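All remarks here apply to the structure that follows.
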Amino acid sequence: MRVRVAPSPTGLFHIGTARTALFNYLLAKHYGGAFLLRIEDTDKERSEKKYVDNIIDGLSWLSIAHDETIVYQSLRKNFHEQLLVRLVEEGKAYISEEQAKDGSGRIVFPVRLKVTDSEVVWNDRIHGDIVTPVKELGDFVIARSIKDPLYHFAVVADDADMHITHIVRGDDHIANTARQILIQQALGYARPQYAHIPLIHNSDGGKMSKRKNAIAVTDFRDVVGIEQEALINFIVFMGWNPKNDSQDEIMDMNTLIKLFSFEGLQKAKAIWNEKKLHWFNREWRRKKSIDNTYRESICKCIKDTLEKRNFLIDEKIISGICNDSLERHHTRQELESAINDGVYDYLAPTALDQYADTLLFNKNTLKKETTHNILVHIQKIFSSSPTLVTLQNEITELAKIHGAMQVYWPLRVALTGKEKSMDPMSVAEILPADIIQVRLSQAILLCK
Ligand code: GLU
């Protein structure tokens with residue numbers, strides 16, 4: 001098996017192309033074949049070097065490694081010309097003389113393929129048998145001139161020259177396939193197997209358009225902070241499922257290579273579900289955090305974001321935010337926004353801004369007097385416990401007597417001024433002892 005992905009560098013590397021690349025890569029690795037990369041840069045006006053770089057960057061970030069050297073279509077003009085000349089010499093195509101369609105009155109010399117078939121019958125591994133009538137195509141143009149092949153011609157020539165055996169691509173190319181098969185036949189090439197994968201649709205059912213939903217793959221990395229494993233995991237399920245009973249949706253590349261096959265490819269349209277992507281990402285962040293280097297990279301991001309806010313840089317604070325973020329946040333962007341929105345400001349070693357007493361009593365579900373007594377008790381525990389462990393044990397004991405809500409709720413509010421925060425005992429680990437005393441006194445005063 002030899003497969004390829006053939007992106008046109010006319011825009012940033014987007015999810016649709018990443019998925020086509022991934023599917024081809026997985027097929028090649030599963031069946032023991034080769035995965036090739038061809039840059040279709042023949043459109044001189046719209047192709048740009050920066051897009052080529054972006055495609056290569058995106059593929060390499062996703063660990064979708066191509067075998068063999070990259071083929072640049074624009075460097076193969078001579079080869080294309082030779083083939084065109086051969087077709088004309090064999091009488092399978094001809095150079096026609098006609099007026100340009102642009103109304104300029106210019107005379108042009110396109111190469112047209114002689115079409116004698118009335119239909120093309122071909123089989124698609126996903127869509128089954130397809131019959132395309134081609135009579136009305138007439139002798140269609142395959143090159144603007146003998147030196148300037150059109151897209152369909154170059155694709156067919158290059159696929160054959162690269163010995164591609166299976167063409168797996170988006171189903172927007174179904175409409176091109178009959179024409180490409182006619183060119184193939186004229187050139188005397190063997191027909192590869194085709195598999196057209198359903199395009200990705202928005203959750204509202206419309207097709208994802210490059211213009212409207214153009215989030216570049218590298219933006220998922222650089223802006224949103226999506227892990228490459230999560231993106232791979234997410235896109236693989238758009239158009240494929242492993243057809244086994246396993247409940248575990250988290251799969252790394254090696255697992256995917258084992259499971260991926262033609263049989264799992266789906267005909268139903270693939271639906272984009274951003275929530276699912278974020279879910280995958282949170283799972284992968286947690287999974288990866290066992291690795292120290294990964295944890296350090298999150299800590300570095302926390303440090304940089306805190307620094308921009310002129311926040312105190314302290315190892316305990318950074319590590320505390322890191323633990324909390326791994327529980328709570330789906331993406332690096334969520335983490336950065338939380339810091340920037342002041343969600344963790346309670347970790348700064350100062351007294352808290354005044355908060356409402358109703359917060360302390362959980363909208364009056366807790367009694368003022370009991371809350372007061374408990375906070376006084378907690379304050380004593382904090383000032384007398386020799387170690388963190390004894391402190392924790394004593395607070396746990398207190399919670400057993402009065403109920404977790406009656407103990408941990410006011411403790412959380414006293415230490416953070418918020419109804420949602422990281423777990424109060426973790427906050428207590430981070431804050432200096434004198435600040436904890438100040439905040440507890442602040443809360444006790446509110447009970448008066
Ligand atoms: N260059 C085409 C595209 O970017 C792909 C051609 C093909 O896969 O046959 O859509």
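In this chain, numbering begins with 1 at the start of the sequence shown. All of these numbers come straight from a predicted model, not from anything done at the bench. First listed ligand is number 1; within each ligand, the first listed atom is number 1.
A side-chain N or O of Ser261 and one of Glu263 form a donor-acceptor pair less than 3.5 Å apart.
When each atom of ligand 1 is checked for a heavy atom of Ala6 under 4.0 Å away, the hits are 1 (N), 2 (C), 3 (C), 4 (O), 5 (C). Each of the atoms 7 (C), 8 (O), 9 (O) of ligand 1 lies under 4.0 Å from some heavy atom of Arg169.
Geometric assessment of Arg76 against the ring of Tyr72 yields a negative cation-pi assignment under the 6.0 Å and 45° thresholds.
Not a single N or O atom of Pro7, backbone or side chain, sits closer than 3.5 Å to an N or O atom of ligand 1.
The closest heavy-atom contact to atom 7 (C) of ligand 1, among the options Glu40, Arg4, His196, His14, comes from Arg4.
Checking side-chain atoms of His196 against main-chain N and O of Arg169 turns up no donor-acceptor pair under 3.5 Å.
Listed here is the closest heavy atom pair of Val111 and Ala93: CG1-CB, 4.0 Å.
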